[in-house]
Structure formats: C-alpha cells, structure tokens
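All ligand and atom numbering here is 1-based and tracks the order in the structure.
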Amino acid sequence: MIYIKNADELKKMRTSGEILGEILQMLVEQSKEGISTFQLNTIAEEMMRRHKVTASFKGYHGYPASICTSINEEIVHGIPHPDRILKAGDLLKLDIGVVFKGMHSDAGRTVCIGEVTPFAARLEEITRQSFFQAFKKVRKGVFLNEIGRAVQTCAESAGLGVVRELVGHGVGRYLHEDPQIPNYYRPELTMPLKEGMTLAIEPMLNEGTWKMKTLSDGWTIITADRKLSAYYENTVVVTDGDPMILTYMPSEKR
Ligand code: MF3
Ligand code: CO
C-alpha cells in the first residue's frame, strides 16, 4: 500500500528526520578506531530517549538492536556487538530509523574509519553520488524506474555492481511501505511519482558482484564474493517542485 502523506504527517516526518539527522551525525562523529559497534548502538539509544523518539528497527521482525552497523563486505543489517571494534581502514555502514509521533524516517551513511584505501574512499563517494543522481530525478509525474536507472548508470559507469535483491521503499506510517524501489532499471516500473509520497532511497554498491548472502545470525547480509560494499540512504519527499531530503545531518544542511 502506498500512503500519500498529508500536511500534518509531513510535518511530523520533518521532525522525525531532523532528530534522526542529529543522531546520525553524532554516530558518524563517534565512529573512530577503537569504538565498538555496540557502543554506537548505545549512543543512538540514549539520544533517541532524550529526543523522545523510538527506534524503528528494534523488534522489527525480531531485529535485536536500534541501529544497523555493517563493516566492509557486510552490505547491510549488521548487528551491533561489543566485540566488533572499529579499526583503521574499515568501511562502516550506519543505518538508523526513528519514529516521532507515529512517523518513521530512515537513513544511513558509509563512514571511512581512519585512513582507508583509495578504492574504498571512491566506493563511498560514488555511492553517495548515485543517491544524488537518483534524488535529482524525484519529481511528481516521473516514473518510479528513473530512480533505479540513475543509480545503475552512476554505479556501472564507475565499474561497480548494484545490489539487486534489496530495495528502497516507501516510508512514513510504517518503516517499509510500498512502493519497492530497486536500485537498477526495471522498465515495467512506470508508476508516476506523486506529490506527498515519502521514499527511502538507498543505493547499495559493490566492488564486485551484485550477489549477496545472509550470515547464520539471520540478519547480516554480505557480498557473495566478500568484496567491499557501500550504502547511502535518505528519506525524501515528492513535492510540487523540487524534492526534499528529510534526513540531512545538521552538518550537511546549507
Ligand atoms: N534501514 C533498513 C531498510 O532500509 C531497515 C533495517 S531492517 C531492520 O530497510 F530489521 F534492521 F530493522
Ligand atoms: Co530503508
């Protein structure tokens, strides 16, 4: 089901996204050599409590934590753990969702820990760029498949693989609403975007194959070839004119 959001819901989603952005910025800043992914989860939980929001992910299909922390070949859905200590050269994917007055927002970033290889830095950069290429297309009346087409073009022209088995999604009243948003071109997805749609656009780009597998913890998804993966996600609104990002970190706003 696609839910078009009314003005009141959009207002709540704006606040939801703003709070998310503040927490995400803190997590990015704290993501340094020596900290554990569990400590990052604790920081997120404390800030959520302080801002009177709840975690979208905790308990979602039984997911045990409030954020996802995925490192290197882990694509997404890594579970924070006290033994997972960040080290220089790691590529960390942070993913967080919060609920404010019933409205969810969902976003994530890839963070380079200490000095990473030039390739890892480029993978992060192209992934971020692929999001903004897609974001530029978001306008009422544009076909849904233009999002995936933009991500795929950006990724493949840089020689990177696009994860195909995970998708972006509608977001708002629920963490996952329709439509599903593949990150590659699907000609049949000719639904026009409508004003008031709120979408989580989340390209996941791989160094190698697009194929993935799930670890025995039932959550962590890794690249099938164990090569590097990067990810970038924002909650966006389709408007009458230019699209809007609801989940900027304060440092990204201008
Ligand atoms: N951010 C993820 C997504 O975009 C959701 C994480 S799933 C959870 O779909 F189970 F970890 F919550
Ligand atoms: Co999402």
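- For the residue pair Thr110/Glu124, the side-chain donor-acceptor check at 3.5 Å is not satisfied.
- A salt bridge is defined here as a Lys NZ or Arg NE, NH1 or NH2 lying under 4.0 Å from an Asp or Glu carboxylate O, and Arg139 with Asp242 meets this definition.
- Where the criterion is an N or O separation shorter than 3.5 Å, residue side chain and backbone included, Glu202 meets it with respect to ligand 1.
- Between His169 and ligand 1, an N or O atom pair is found at a separation short of 3.5 Å.
- Taking the six-membered ring where the residue is Trp, Phe132 and Phe135 present perpendicular rings, their angle passing 60° and hence far from 30°.
- An N or O contact shorter than 3.5 Å is missing between Tyr231 and ligand 1 by distance.
- Protein atoms of type N/O/S that fall under 2.8 Å from the Co ion (ligand 2) number 4 in this view.
- Look at Glu46 and Arg49 and you find no salt bridge, because none of the NZ, NE, NH1 or NH2 atoms lies under 4.0 Å from a carboxylate O.
- Remark: the Gln25 side chain and the Glu29 side chain contain an N/O donor-acceptor pair separated by less than 3.5 Å.
- Contacts between Phe57 and ligand 1, counted as non-hydrogen atom pairs separated by less than 4.0 Å, involve both the backbone and the side chain.
- No donor-acceptor contact under 3.5 angstrom links the side chains of Thr220 and Glu74, judged on distance only.
- Annotation: atom 6 (C) of ligand 1 to nearest protein heavy atom, His77 NE2, 3.6 Å.
- Side-chain atoms of Ser229 never come within 3.5 Å of backbone atoms of Glu73 as a donor-acceptor pair (strictly under, hydrogens ignored).
- Under 4.0 angstrom from ligand 1, the non-hydrogen atoms of Cys68 all belong to its side chain.
- Ligand 1 does not have Gly97 within reach: every non-hydrogen atom of the residue lies 4.0 Å or more from it.
- Between Asn41 and Thr69 there is no side-chain heavy-atom pair separated by less than 4.5 Å.
- For His61, the closest heavy-atom approach to ligand 1 does not fall below 4.0 Å.
- Checking Asp95, Thr127, Asn234 one by one against Arg109, the side chain to side chain donor-acceptor pair (under 3.5 Å) holds for a single residue, Asn234.
- Residue-level proximity to ligand 1 for Val76 is absent, since no heavy atom of it falls below 4.0 angstrom.
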